[in-house]
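A short write-up of the structure that comes next.
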Amino acid sequence: MGRGKIEIKRIDNTTSRQVTFSKRRSGLFKKAKELAILCDAEVGLVVFSGTGRLYEFASTSMKSVIDRYSEAKEDHHQTMSVSAEAKVWQREAGSLRQQLHNLQEHHRQLLGQQLSGLDVKDLQSLENKLEMSLRNIRLKKEQLMVDQIQELNRKGSLMHQENKELYKKVSLVHQENIELQKKLHGSRVNKHPTSATIQYRIMTTENDNVPVNLELSRPNNNAEKEKSGTPTLSDGGQN
């Protein structure tokens with residue numbers, strides 16, 4: 001007759017629980033030892049009883065088993081981290097490729113290409129988007145033109161102000177020329193001229209804005225002597 005199946009649950013009786021723990025612990029350590037010998041495996045086993053007592057088994061040494069376990073777990077964690085990161089980047093690359101494909105398809109549709117797969121609702125939506133884009137483009141164009149006109153008006157105002165300043169300067173120079181001409185004309189009218197008087201000849205042009213050029217000349221001394229009748233000495237004789 002075989003043994004009946006034991007229900008796996010906590011044993012309430014303390015004595016029975018301790019007896020069962022001792023038997024099963026011994027059997028577990030025996031199986032661990034057999035596994036290490038038969039399969040050339042490095043086995044480490046740690047058990048704490050219900051009262052907190054430590055039981056351990058190691059095929060080599062517990063420190064060696066724990067160190068190897070820590071290294072293996074760290075390597076496995078790094079491998080899992082790299083693998084998980086690679087999967088994240090793969091998903092991100094797939095998402096970007098899909099977005100690029102959607103953008104390219106939408107761009108072609110805006111150009112009037114590949115419209116065969118669209119229904120009336122999609123075509124109406126595409127038409128509304130195009131109209132909105134054209135409206136925004138026109139608004140931007142009008143704003144740029146208004147800005148350029150305002151800039152030209154500002155520059156025109158500055159040039160007009162500069163022209164006014166230049167006109168004032170030209171008027172001032174013209175007035176100075178007129179005053180200078182008056183002074184020069186007045187100096188030519190001399191009631192008692194002498195031989196030492198220097199006559200002024202005013203060279204003017206039809207344009208009053210051109211500065212007056214003066215040419216000074218002294219009278220001829222020989223002509224003055226002839227008019228006065230002064231006798232001259234000659235080499236041939238005496239008067």
Side-chain angles (χ1 to χ4, degrees), residues 1-137 139-140 143:
M1 234 180 123
R3 297 173 57 184
K5 187 177 180 180
I6 300 176
E7 184 179 4
I8 303 300
K9 67 176 186 179
R10 184 177 182 275
I11 300 173
D12 295 331
N13 186 277
T14 304
T15 302
S16 299
R17 186 168 62 246
Q18 291 177 352
V19 172
T20 301
F21 172 77
S22 178
K23 290 181 179 180
R24 289 186 176 259
R25 185 200 69 220
S26 300
L28 180 62
F29 280 13
K30 182 180 178 181
K31 292 294 182 181
K33 183 178 181 181
E34 292 175 355
L35 177 63
I37 295 173
L38 294 174
C39 302
D40 193 21
E42 187 174 7
V43 179
L45 183 61
V46 177
V47 177
F48 288 95
S49 67
T51 58
R53 187 174 178 180
L54 171 65
Y55 300 90
E56 63 181 27
F57 167 80
S59 59
T60 54
S61 69
M62 185 57 66
K63 184 178 184 304
S64 175
V65 173
I66 293 176
D67 292 341
R68 186 175 180 182
Y69 167 77
S70 299
E71 293 176 0
K73 186 175 181 181
E74 184 177 357
D75 294 340
H76 178 72
H77 178 70
Q78 292 179 354
T79 303
M80 291 297 293
S81 298
V82 173
S83 177
E85 186 176 0
K87 290 181 180 179
V88 170
W89 285 114
Q90 288 176 357
R91 288 195 298 268
E92 185 69 19
S95 177
L96 291 175
R97 282 194 296 268
Q98 184 63 35
Q99 291 180 12
L100 178 61
H101 175 73
N102 295 336
L103 289 174
Q104 290 175 346
E105 183 178 1
H106 182 67
H107 177 69
R108 287 191 291 267
Q109 290 175 356
L110 290 175
L111 295 176
Q113 303 173 0
Q114 296 183 356
L115 302 178
S116 58
L118 301 179
D119 55 11
V120 177
K121 184 177 180 180
D122 294 333
L123 291 174
Q124 183 64 40
S125 176
L126 182 61
E127 183 180 3
N128 294 335
K129 290 179 180 179
L130 288 173
E131 290 179 353
M132 184 177 297
S133 298
L134 288 174
R135 189 181 304 111
N136 293 334
I137 291 172
L139 290 175
K140 182 63 176 179
Q143 183 62 39

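Given the structure is predicted, the values throughout are model-derived calculations rather than measurements. In this chain, numbering begins with 1 at the start of the sequence shown. Side-chain atoms are counted along with the backbone in the values below, which use heavy atoms only and exclude waters and symmetry mates.
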key: Side-chain heavy atoms of Asp67 within contact of Lys63, under 4.5 Å   = yes
task = Flag the pair Val47 / Phe21 as yes when at least one side-chain heavy-atom distance between them is below 4.5 Å, and no otherwise.
result = yes
inquiry  = Return the CG to NE2 distance between Leu111 and His106, rounded to the nearest 0.5 Å.
reply    = 10.0 Å
ask   = Side chains of Thr15 and Gln18: does their closest heavy-atom pair fall under 4.5 Å?
value = no
note = Heavy-atom nearest pair, Ser59 first then Glu42, reads OG-CA, 3.3 Å
Distance, nearest 0.5 Å, that separates CG of Asn102 from NE2 of His107 = 14.5 Å
task = Could you tell me whether the side chain of Ser70 and the main chain of Ile66 form a donor-acceptor pair under 3.5 Å?
result = yes
task = Please say whether more than 12 non-hydrogen atoms of neighbouring residues, nucleotides or ligands are located less than 6.0 Å from CZ in Arg17.
result = yes
query = Crowded around Arg24 CZ? As in, over 12 foreign heavy atoms under 6.0 Å?
reply = no
query = Say you draw a straight line from CD of Glu105 to CG of Leu110; how long is it, rounded to the nearest 0.5 Å?
reply = 11.0 Å
message = If I take atom CD from residue Glu56 and atom OG from residue Ser61, how far apart are they, to the nearest 0.5 angstrom?
response = 10.0 Å
message = Is it the case that the side chain of Ser125 and the backbone of Lys121 share a donor-acceptor pair, with hydrogens and angles ignored and the cut-off at 3.5 Å?
response = no
key: Gap between atom CG of Leu38 and atom NZ of Lys33 - 0.5 Å precision   = 11.5 Å
key: Side chain proximity check, Lys31 to Glu34, heavy atoms < 4.5 angstrom   = yes
Residues Leu100, Arg97; criterion side-chain contact (heavy atoms from CB on, under 4.5 Å); working and verdict = CA-CA 5 Å; Leu100 178 61; Arg97 282 194 296 268; 5.7 Å; no
inquiry  = If you count every heavy atom of other residues, nucleotides or ligands that lies below 6.0 Å from Asp119 atom CG, does the total exceed 12?
reply    = yes
task = Evaluate the side-chain proximity of Val43 to Val65: yes if any heavy-atom separation is below 4.5 Å, no if none is.
result = no
query = In Å, rounded to the nearest 0.5 Å, how long is the span from CE of Met62 to CG of Leu45?
reply = 7.0 Å
key: Note, Gln109 side chain near Lys129 side chain (heavy atom, < 4.5 Å)   = no
